[in-house]
Asker: 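Please see the structure below; I have some questions.
By convention here, the first residue in the shown sequence is residue 1. It should be emphasised that the depicted structure is a prediction, and the values quoted were computed from it without experimental measurement.
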Amino acid sequence: MNDVCFDRNPQKIALLTDSCADLSAEQRAGTPIFVLPLKIRCRDGEFSDGVDIFASDIYARQAAGELPQTSLPDGGSVKDTLDHIAALGYEKVIAIHLSSGLSGTYNMVRLQGLAREDLEVAVFDSLSGSLGIGITLLQVWEDIQAGMPWDKLVEQRVPALIRNTYPYFSVDTLEYLQKGGRIGKITALAGTMLNIKPLVGFAADGQLSSVAKVRGRKAVQGKLLELLSARVAEQGQGRRYNLAVANGGAPEEMAQLRQTIAAALPEHLHFWQGEMDATLSVYIGSGVLGACIQFLDEE
């Protein structure tokens with residue numbers, strides 16, 4: 001998976017993340033991106049996200065009335081992954097992890113990174129999830145290949161990307177967020193009988209936050225486009241940007257959403273897509289659509 005070739009990466013930088021980055025094996029192929037799987041506890045045992053349990057498995061369990069629970073990667077797997085990175089010849093690591101407002105993974109990796117003498121490790125709290133992490137990692141890999149130096153990457157580029165990345169998601173039901181204790185700053189809507197669909201993003205502290213609500217699923221795609229377009233208008237002309245879409249159990253709708261967004265915002269540099277991971281699916285369920293915009297130039 002992580003083919004070692006330093007021709008495009010002479011600084012020997014590895015990228016580390018967790019399974020909530022929602023990067024497929026195909027997207028990671030030929031890159032130095034390494035993934036720590038979060039753990040999911042079910043009635044019949046503990047599983048590793050993206051290894052032996054996937055979003056589709058979570059949806060089936062939820063439909064059967066089960067409520068899986070999530071937990072951090074074990075400390076041994078973090079050490080083993082860093083050992084493996086060092087053994088492959090990498091000298092530096094940029095780690096970008098699921099928001100600290102949702103998980104302790106960032107802090108776990110930060111502490112282990114500080115203890116390494118064989119690797120220079122810079123660990124970042126994405127204050128985000130899913131698209132917000134994946135799109136940042138893919139852009140950083142582009143920057144590494146373009147020759148951006150380590151100091152600029154860790155002191156300027158990665159913090160700027162995190163500040164300027166805006167993911168949004170539709171949530172078909174708040175049931176699992178409420179039961180899982182991850183409701184965050186999302187207003188508990190009493191409009192379930194009225195077919196109200198909340199759209200959520202991430203607050204400045206990395207917790208989930210309500211950003212809009214629409215009536216009926218058909219209105220979700222239009223609202224997601226509206227949110228992205230508002231960010232473009234707010235940032236002004238001339239700002240370069242990346243786009244991304246994701247889905248949880250709604251691939252056909254995601255394809256339609258991608259087409260709509262690409263037509264409305266044609267000036268994008270990259271347009272990536274992904275599928276929701278099992279960990280986040282524990283809390284947001286199926287039927288999820290996501291869209292993200294990431295600005296590349298700070299004024």
Asker: Quick one: does any side-chain atom of S210 pair with a main-chain N or O of A212 as donor and acceptor, under 3.5 Å?
Answerer: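 No.
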Asker: Check the side chains of W150 and E155 for a donor-acceptor pair under 3.5 angstrom, ignoring hydrogens and angles.
Answerer: no
Asker: From K223 NZ over to R215 CZ, what is the distance, rounded to the nearest 0.5 angstrom?
Answerer: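 So the NZ of K223 and the CZ of R215 are separated by 13.5 Å.
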Asker: Checking the side chain of Q145 only, and the main-chain atoms of W141 only, is there a donor and an acceptor separated by less than 3.5 Å?
Answerer: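 Looks like yes, one N/O pair under 3.5 Å.
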Asker: Are the side chain of D57 and the backbone N or O of F54 linked by a donor-acceptor pair below 3.5 Å?
Answerer: yes
Asker: So which pairs with a foot in residues 251-277 pass salt bridge (Lys or Arg N to Asp or Glu O under 4.0 Å), sequence neighbours left out?
Answerer: R217-E253
Asker: On a heavy-atom basis, which atom in D18 and which in L98 lie closest, and how many Å separate them?
Answerer: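 Looks like OD2-N, 2.9 Å.
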Asker: Which residue pairs satisfy the ring-ring contact (aromatic ring centres under 6.0 Å, His included) criterion with at least one member in residues 256-275, sequence neighbours excluded?
Answerer: H268-F271, H270-W272
Asker: Please confirm whether the backbone N or O of I96 pairs with a side-chain atom of T17, one donor and one acceptor, at under 3.5 Å?
Answerer: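 Yes, the answer is positive, given that a donor and an acceptor are paired below the 3.5 Å cut-off.
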Asker: For the residue pair Q221 / Q256, report whether a side-chain donor-acceptor contact shorter than 3.5 Å exists.
Answerer: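 The criterion, which ignores hydrogens and geometry beyond distance, is satisfied for Q221 and Q256.
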Asker: Where is the tightest heavy-atom contact between G129 and F202, given as atom of each residue plus distance?
Answerer: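 For G129 and F202, the tightest heavy-atom pair comes out as N-CZ, 3.4 Å.
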Asker: Distance to the ring centre below 6.0 angstrom and angle to the axis at most 45 degrees; does that hold for K12 and Y90?
Answerer: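 Because its charged atom misses either the 6.0 Å distance or the 45° angle limit, K12 does not stack over Y90.
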Asker: Are any side-chain N or O atoms of Q294 and backbone N or O atoms of L243, one a donor and one an acceptor, separated by less than 3.5 Å?
Answerer: no
Asker: Without swapping roles, check the side chain of S77 against the backbone of D74 for a donor-acceptor pair under 3.5 Å.
Answerer: yes
Asker: Check whether any side-chain heavy atom of Y168 lies under 4.5 Å from a side-chain heavy atom of R231, and answer yes or no.
Answerer: yes
Asker: Quick check: closest heavy atoms across S99 and S126, and the distance to 0.1 Å?
Answerer: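 Residues S99 and S126, closest heavy atoms: N-OG, 3.5 Å.
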Asker: Working to the nearest 0.5 angstrom, can you tell me the gap between D205 CG and S100 OG?
Answerer: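 The CG atom of D205 sits 8.0 Å away from the OG atom of S100.
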Asker: Can you tell me how far the CD1 atom of I94 sits from the CG atom of L15, to the nearest 0.5 Å?
Answerer: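 The CD1 atom of I94 sits 6.0 Å away from the CG atom of L15.
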Asker: What closest approach, in Å, do I135 and A244 show between heavy atoms, and which atom pair accounts for it?
Answerer: CD1-CB, 3.9 Å
Asker: Does a donor on one side chain and an acceptor on the other come within less than 3.5 Å for T279 and D49?
Answerer: yes
Asker: Checking S24 side chain against Q27 main chain: does a donor-acceptor pair fall under 3.5 Å?
Answerer: yes
Asker: May I ask you to say whether D151 pairs ionically with R157, meaning some side-chain N is under 4.0 Å from a carboxylate O?
Answerer: no
Asker: Are side-chain heavy atoms of R28 and V35 found at a separation under 4.5 Å?
Answerer: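 Side-chain contact under 4.5 Å: yes.
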Asker: Go through the side-chain N and O atoms of T70 and K39 and say whether any donor and acceptor fall under 3.5 Å apart.
Answerer: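 K39 and T70 do not have a side-chain donor-acceptor pair below 3.5 Å.
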Asker: Mind listing the closest non-hydrogen atom pair of Q62 and V282 along with its distance?
Answerer: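 Result for this residue pair: NE2-O, 3.2 Å.
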Asker: Please check if atom CD in Q259 has more than 12 non-hydrogen atoms from other residues, nucleotides or ligands closer than 6.0 Å.
Answerer: no
Asker: Which heavy-atom pair separates A55 from S281 by the least distance, and what is that distance?
Answerer: CB-OG, 3.5 Å
